[in-house]
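Naming convention: chains lettered A, B, ... in sequence-line order (proteins, then strands); numbering from 1 in each chain.
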Amino acid sequence: MHTHTKTSSFSKTLIFWYLQNKRDLPWRNTTNPYFIWLSEIILQQTRVNQGLEYYLRFIETFPSVKDLADADEEAVLKLWQGLGYYSRARNLHFSANYVMNELNGEFPTTYKELLKLRGVGDYTASAIASICNNESTAVVDGNVYRVLARYFGVKTPINFSKGIKEFKELAQKLIDKDEPGNYNQAIMEFGATQCKPQNPDCNNCPLNSGCFAFANNTVDSLPVKENKLKIKKRYFNYIVLIDTHNQTKISIRNKKGIWQGLYEFPLIETSSEIHPEELVQSEEFQSIVDQHNFKLSTFNQQSIVHKLSHQHLYTKFWVVNCKEKLNNAILWDDFENYPVPILIHNFVASFKDNV
DNA sequence: AAATCGTGGAG
DNA sequence: TCTCCAAGATT
């Protein structure tokens, strides 16, 4: 069989499968580029089940790109809370303003113009352009790597520039130019529900007759990913102040790194777990707490290990009762208005239950 | 160009 | 429990 015939039937089979098996998802009932953009940003590195409720909340809260642009960045982060990779939310808000101010409020639909939006890379620009503008720009996401690596037996590692380039070129050859949007969504949906990472049902697969990995029994080892992720351990000590007026103190993370733009309790980071006496005597603690007017009680003897993709945060929440009214503090009742990492959110939720 | 950015579900 | 990894982008 000639390659052209094989690739053509590959794409047609995918689209045929898709039209019969696609899930009914809200962003599949529109080609409004603003909505498609929202869905694509939300779904970056995020499962459909996790992103779905966020999408519904975002289109309800911000029905148009103008509504999003007019909002405070903090409000966008608050709506994003719990979804992770918070730069997506900040870039989303920045790009909404860019569309309003530089593009006269008209959301772009061409691959080239979409790439200019902060937070929109090759994948997202390809997705929106194919769905909203019928452009033959092939998407390459985690699903596409897997489907192509298995079907065509591509063993190039997918997490280095060589593999990224190679898979993009292959995907671009395969795209159905008559219906690029359907093709792109088809191969992703196929990867998500049929050609799954683990235990795919290969015996009941419309593409198994031409699949390299199925024929060679290498489904489990494709795609190839060279993972040398180093997990760093960090030790966080949050100072949870409680004063005589139902107040506490929070601060914003305004440096680069994790959780930029989110709030947290005053933080003392140490190089290892620290004893209460040592903590109380430290300069940092004394700059946060008035030396003569507090009583310390640890909330958790055992550190809470909060696991990020490449950091493990060994966290203790040190509850400190203050005997007078704090300055520059917020009411506990206002706490829920601030965007916070899920680690902080969970602590406050359990803390409330225990009081 | 490799490291860095969250969170949660599945097996 | 532990590992993988999910509609990636940025630097």
Checking side chain to side chain donor-acceptor pair (under 3.5 Å) for the pair A/D176/A/S11: CA distance, chi angles, key distance, verdict? CA-CA 6 Å; A/D176 188 320; A/S11 307; over 6 Å; no

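Nucleic acid contact class of A/G51 (heavy atoms, under 4.0 Å, all strands): none. Counting non-hydrogen atoms under 4.0 angstrom, A/L83 reaches a base of the nucleic acid.
Computed from coordinates, the A/F160 CZ to B/dA1 P distance equals 11 Å when rounded to whole Å. Taking atom CZ of A/R146 as the reference point, atom P of C/dC4 lies 15 Å away to the nearest angstrom. Residue A/N49 contributes atom CG, which lies 18 Å from atom P of B/dT7 at whole-angstrom precision. The nearest whole Å value for the distance from the CG atom in A/L313 to the P atom in B/dT4 is 14 Å. Rounded to a whole Å, the CZ atom of A/F347 is 20 Å from the C1' atom of B/dT7. Atom CZ in A/F236 sits roughly 13 Å away from atom C1' in B/dG6 (whole-Å rounding). Rounded to whole Å, atom P of B/dA2 lies 10 Å from atom CD of A/E226. At whole-Å resolution of the value, CG in A/L25 and C1' in C/dA6 are 15 Å apart.
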Mind listing the N/O atom pairs, protein and nucleotides 8-11 of chain C, below 3.5 Å?
{"unit_1": "C/dG8", "atom_1": "OP1", "unit_2": "A/G142", "atom_2": "N", "d": "3.2"}
{"unit_1": "C/dG8", "atom_1": "OP2", "unit_2": "A/Q45", "atom_2": "N", "d": "2.6"}
{"unit_1": "C/dG8", "atom_1": "OP2", "unit_2": "A/Q45", "atom_2": "NE2", "d": "3.3"}
{"unit_1": "C/dG8", "atom_1": "O5'", "unit_2": "A/Q45", "atom_2": "N", "d": "3.4"}
{"unit_1": "C/dA9", "atom_1": "OP1", "unit_2": "A/G121", "atom_2": "N", "d": "2.8"}
{"unit_1": "C/dA9", "atom_1": "OP1", "unit_2": "A/G121", "atom_2": "O", "d": "3.4"}
{"unit_1": "C/dA9", "atom_1": "OP1", "unit_2": "A/T124", "atom_2": "N", "d": "3.0"}
{"unit_1": "C/dA9", "atom_1": "OP1", "unit_2": "A/T124", "atom_2": "OG1", "d": "2.8"}
{"unit_1": "C/dA9", "atom_1": "OP2", "unit_2": "A/Y123", "atom_2": "N", "d": "3.3"}
{"unit_1": "C/dT10", "atom_1": "OP1", "unit_2": "A/G119", "atom_2": "N", "d": "2.4"}

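Between A/W37 and C/dA7 there is no side-chain N or O to OP1 or OP2 distance below 4.0 Å. Using a 4.0 Å cut-off, no side-chain N or O of A/Y145 falls inside it from OP1 or OP2 of C/dA6.
At a cut-off of 3.5 Å, with distance as the only test, a side-chain donor of A/E166 or A/T156 sits close to an acceptor on the other residue.
Of the two residues contacting DNA chain B, namely A/S309 and A/K196, the nearest-nucleotide position lying further toward the 5' end is that of A/S309. Nearest-nucleotide mapping onto DNA chain B: of A/L262 and A/N159, the residue sitting toward the 5' end is A/N159.
Counting only heavy atoms from C-beta on, A/W27 has its side chain closest to C/dA7 among C/dA7, B/dG6, B/dG11. Closest to the A/H310 side chain, of the nucleotides B/dT7, B/dT4, B/dG9, is B/dT4. The side chain of A/K307 has C/dC2 as its nearest neighbour among B/dA2, C/dC2, C/dC5. Looking at the side chain of A/Q311, the nearest of the listed nucleotides B/dG11, B/dC5, B/dG6 is B/dC5. Among the nucleotides B/dT7, C/dA7, B/dG8, the one closest to any side-chain atom of A/R28 is C/dA7. Closest approach to the A/I342 side chain among B/dT7, B/dA2, C/dA7 is made by B/dT7 (side chain taken as heavy atoms from C-beta onward).
For the atom pair A/N254 CG and A/Q260 CD, the distance stands at 8.0 Å (nearest 0.5 Å).
By the 30° and 60° cut-offs, the orientation of the rings of A/F236 relative to A/Y238 is perpendicular.
Distance noted for atom P between C/dA7 and B/dG11: 14 Å (whole Å).
No hydrogens or angles were tested; on distance alone, a donor-acceptor pair under 3.5 Å links the side chain of A/R47 to the base of C/dC5.
For the ring pair (Phe, Tyr, Trp, His ring centres under 6.0 Å) criterion with A/F335, the lone passing option out of A/F351, A/F347, A/F265, A/Y263 is A/F265.
Residue pairs meeting the ring-ring contact (aromatic ring centres under 6.0 Å, His included) criterion with at least one partner in residues 100-142 of chain A, sequence neighbours excluded, are A/W37-A/F107.
For A/D67 (side chain) and A/S64 (main-chain N/O), a donor-acceptor pair under 3.5 Å exists by modelled atom type.
Here A/H345 pairs with nothing under the ring-ring contact (aromatic ring centres under 6.0 Å, His included) rule; sequence neighbours left out.
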